[in-house]
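Quick note: numbers below take in every heavy atom, side chains included, and nothing from hydrogens, waters or symmetry partners. These numbers come from a predicted model, not from an experiment.
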Amino acid sequence: APAPAVVDAVQSPAFLTRGNVTRPLQPGQNLRNGDLISTGEGAKAYLKLAEGSMVKLGASAKINFYSSGTRPDTFYRGALDVLTGAFRFTTGLLARTRQRDVRIRVGTATVGIRGTDVWGRSTAEKDLVCLIEGHVQVRHPSLDDAVDMSEAMTFFVADKGAAPAPVAPVDPAQLKEWASETD
């Protein structure tokens with residue numbers, strides 16, 4: 001079976017921790033269920049999921065990668081737990097035709113991906129998710145129902161320990177600044 005994800009590109013320093021072993025992250029490395037990927041100051045890493053989507057990590061990011069199965073020709077199921085830092089999830093043209101169930105937890109918020117382009121960040125102060133295009137559902141512990149985001153160029157933000165603010169439009173200049181953290 002193909003690997004659930006592979007490292008596409010790395011700007012060092014970046015590391016892969018599998019079990020109790022940490023080693024430098026390198027292009028071409030296969031990722032497995034439970035791997036921890038971390039980037040250092042000024043680093044970035046691009047991960048290609050088996051179904052064709054790209055995950056870009058910014059500097060000082062730390063994520064746990066999970067995959068409960070890969071059948072990239074028909075269905076992909078996986079999750080990313082963004083512990084700190086910025087990420088961007090982008091579905092490629094080919095991947096848009098495939099079914100997926102990808103969940104991304106950004107601090108306290110959980111994003112359900114439905115073929116889209118989304119950027120987010122988790123810090124000690126707040127969790128943020130910006131929908132660039134497509135459709136996502138965001139769950140937060142303080143809300144009974146998921147927040148449905150289908151309008152492009154909108155964002156969800158929740159200060160730690162507080163209820164989220166209403167979804168609001170994002171200024172293109174602000175998105176450009178955020179995207180520079182991962183691109």
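Side-chain atoms of D35 come within 3.5 Å of backbone atoms of R32 as a donor-acceptor pair (strictly under, hydrogens ignored). Side-chain N or O atoms of T123 include one that pairs as donor or acceptor with a backbone N or O of E125 at under 3.5 Å. One N or O on the side chain of Q11 and one on the backbone of G42 form a donor-acceptor pair closer than 3.5 Å. Formation of a donor-acceptor pair under 3.5 Å by the Q29 side chain with backbone atoms of Q26 is found in this model. Under the 3.5 Å distance criterion, the side-chain polar atoms of T39 are left unmatched by any main-chain donor or acceptor of K44.
Residues M153 and L131 fall into different hydrophobic clusters, defined by Ile, Leu, Val, Met, Phe, Trp and Tyr side chains chained together at heavy-atom separations under 4.5 Å. Taking hydrophobic clusters as Ile, Leu, Val, Met, Phe, Trp and Tyr residues chained together by side-chain heavy-atom distances below 4.5 Å, Y46 does not share a cluster with V6. Hydrophobic clustering, with ILVMFWY side chains joined whenever heavy atoms are under 4.5 angstrom apart, groups L57 together with F65. Cluster membership for L128 and V170, using ILVMFWY side-chain heavy atoms within less than 4.5 angstrom, is shared. Follow the hydrophobic side-chain contacts under 4.5 Å out from L25 and you never reach L36; the two are in separate clusters.
Of all non-hydrogen atoms in R121 and F87, the two that sit nearest each other are N-CE2, 4.3 Å. The two residues A9 and P27 come nearest to each other via the heavy atoms CA-CG, 4.3 Å. Of all non-hydrogen atoms in I37 and L31, the two that sit nearest each other are CD1-CD1, 4.0 Å. Nearest approach of S142 to P164, heavy atoms of both residues: OG-CD, 3.2 Å. Among all heavy-atom pairs drawn from A109 and F156, the shortest one is CB-CE2, 3.8 Å.
A salt bridge between R88 and D117 is present, with a side-chain N of the basic residue lying under 4.0 Å from a carboxylate O of the acidic one.
We find the OG1-CD distance between T91 and E133 to be 8.5 Å, quoted to the nearest 0.5 Å. Between L175 atom CG and S180 atom OG the span is 9.5 Å, to the nearest 0.5 Å. L47 contributes atom CG, which lies 5.5 Å from atom CD1 of I63 (distance to the nearest 0.5 angstrom). Rounding to the nearest 0.5 Å gives a distance of 8.5 Å between OG1 of T110 and CZ of R139. Here the CD-NE2 distance, from Q137 to H135, works out to 5.0 Å after rounding to the nearest 0.5 Å.
Side-chain contact check for D81 versus Y66: some heavy-atom pair is nearer than 4.5 Å.
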| field | side chain to side chain contact (heavy atoms under 4.5 Å, CB included) evaluation trace for V82 with I104 | value | CA-CA 7 Å; V82 181; I104 301 175; 3.9 Å; yes
| said: Please determine whether side chain to side chain contact (heavy atoms under 4.5 Å, CB included) holds for the pair L80 and N64, giving the CA-CA distance in whole Å, both sets of side-chain angles, and the decisive distance to 0.1 Å. | reply: CA-CA 6 Å; L80 297 172; N64 279 320; over 6 Å; no
| Going through the distances and angles, do M54 and D8 end up as a side chain to side chain contact (heavy atoms under 4.5 Å, CB included)? | CA-CA 9 Å; M54 182 71 72; D8 191 59; 3.6 Å; yes
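Looking at H140 and D127, their side chains never bring a donor and an acceptor atom within 3.5 Å of each other.
Applying the 6.0 Å contact sphere to CZ of R105 captures no more than 12 heavy atoms from other residues, nucleotides or ligands. Atom NZ of K160 has more than 12 heavy atoms from other residues, nucleotides or ligands within 6.0 Å.
Between F89 and W119, the ring centre distance reaches or exceeds 6.0 Å.
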